[in-house]
Amino acid sequence: MGNNKEYGTPFQREVWEALRRIPKGSITTYGAIAKYLGQPRAVRAVGTAVGRNPFAPEVPCHRVVRADGTIGNYSAGNGVATKIALLEKEGVEISDGKIIEFEKRLYRFEDQ
DNA sequence: CCAATGACTAATC
DNA sequence: CGATTAGCCATTG
């Protein structure tokens, strides 16, 4: 029977689609996603949408960190601890709650 | 429709 | 570095 449940609002789906583009071992920021979607000021809205990603960690919302290189939050699994564990598992080094070589790890969506 | 709510950010102290 | 403030925006009740 064809009642596929569709998740989220159109905006949320765009955000989750953006997440899927982030390669393993790379990270991005909430602001970068907002900019990629053409709404650079919708940073908070992006944060909320990412936080409601129902496909974690299949859809890598754990690869989104704060603009200053700190981890930020996470609601799936055991919270931030899980986020850190997933990132380290993908080769992203973290020290004192911050991404090591943050800018080098940053993924740029469309050569922004 | 209005008010409140965030996995944010930048500036200021 | 921590605390506070203000700005911003989609989403929710």
Side-chain angles (χ1 to χ4, degrees):
Chain A
M1 321 235 295
N3 53 350
N4 290 336
K5 276 213 172 176
E6 298 191 1
Y7 295 88
T9 65
F11 179 78
Q12 291 174 329
R13 290 186 213 170
E14 286 187 84
V15 172
W16 301 336
E17 282 299 309
L19 298 181
R20 297 177 64 217
R21 304 176 61 104
I22 310 170
K24 173 182 175 184
S26 290
I27 55 176
T28 191
T29 66
Y30 298 92
I33 294 176
K35 182 178 179 182
Y36 171 61
L37 297 183
Q39 297 180 79
R41 300 181 191 159
V43 194
R44 290 188 100 170
V46 169
T48 303
V50 171
R52 295 189 171 181
N53 161 38
F55 312 106
E58 314 295 301
V59 173
C61 52
H62 57 279
R63 297 182 187 145
V64 188
V65 299
R66 290 182 176 162
D68 62 357
T70 54
I71 301 304
N73 291 301
Y74 198 70
S75 54
N78 294 312
V80 179
T82 296
K83 185 170 184 175
I84 293 176
L86 286 168
L87 287 172
E88 293 185 323
K89 190 175 181 181
E90 297 181 352
V92 178
E93 297 180 75
I94 300 168
S95 176
D96 197 35
K98 294 185 294 187
I99 304 293
I100 302 298
E101 296 189 13
F102 172 57
E103 309 215 349
K104 292 184 181 178
R105 290 285 185 180
L106 262 179
Y107 169 65
R108 304 202 172 190
F109 288 94
E110 296 289 330
D111 218 21
Q112 299 176 30

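Quick caveat: nothing in here was measured; it's all calculated off a predicted structure. Note: hydrogens, waters and symmetry copies are ignored here, and every other heavy atom, side chains too, is used. A note on names: the letters A, B, ... follow the listed sequences, proteins ahead of strands, and every chain is numbered from 1.
Note: CZ (A:Phe11) to C1' (C:dC9) measures 8 Å, nearest angstrom. Between A:Asn53 atom CG and B:dG6 atom P there is a gap of 18 Å when expressed in whole angstrom units. The CD1-C1' distance, from A:Ile33 to C:dA10, rounds to 15 Å in whole Å. When the P atom of C:dC9 is taken as reference, atom NZ of A:Lys35 falls 16 Å away, rounded to whole Å. When the P atom of B:dC8 is taken as reference, atom CD1 of A:Ile71 falls 12 Å away, rounded to whole Å. The CG atom of A:Asp68 sits 11 Å away from the P atom of C:dG2 (whole-angstrom rounding).
The residue among A:Thr29 and A:Ala45 whose nearest nucleotide of DNA chain B is located toward the 5' end is A:Ala45.
Looking at A:Glu88 and A:Ile94, their side chains come closer than 4.5 Å, going by heavy atoms from C-beta outward.
Residue A:Ala67 places its side chain closer to B:dT9 than to any other of C:dA10, B:dA7, B:dT9. Counting only heavy atoms from C-beta on, A:Arg44 has its side chain closest to C:dG7 among B:dA7, B:dT9, C:dG7. Among the nucleotides C:dC9, B:dA7, C:dT12, the one closest to the side chain of A:Gln12 is C:dT12. Relative to the side chain of A:Tyr30, the nucleotides C:dC1, B:dC8, C:dC8 differ in distance, and B:dC8 lies closest.
For the OP1/OP2 pair of C:dC9 and a distance below 4.0 Å, the side-chain nitrogens and oxygens of A:Gln39 include no atom meeting the criterion. Of the side-chain N and O atoms in A:Arg52, one or more sit less than 4.0 angstrom from OP1 or OP2 of C:dT12.
With hydrogens and angles ignored, the 3.5 Å screen pairs a side-chain donor or acceptor of A:Arg13 with a backbone N or O of A:Tyr7. A distance-only check finds no donor-acceptor pair linking the side chain of A:Lys83 to the backbone of A:Cys61 [under 3.5 Å].
The residue A:Tyr74 sits close to a base: some heavy atom pair falls under 4.0 Å. In this structure, A:Arg66 reaches the sugar-phosphate backbone alone: every heavy-atom distance under 4.0 Å involves primed, P, OP1 or OP2 atoms, never a base.
At a cut-off of 3.5 angstrom, counting only N and O atoms as typed in the model, there is no donor on one side facing an acceptor on the other between the side-chain of A:Thr48 and the base of B:dA7.
The pair A:Glu90-A:Arg105 does not count as a salt bridge, with every side-chain nitrogen at least 4.0 angstrom from each carboxylate oxygen.
Residue A:Phe55 qualifies as enclosed at atom CZ: its count of foreign heavy atoms under 6.0 Å is above 12.
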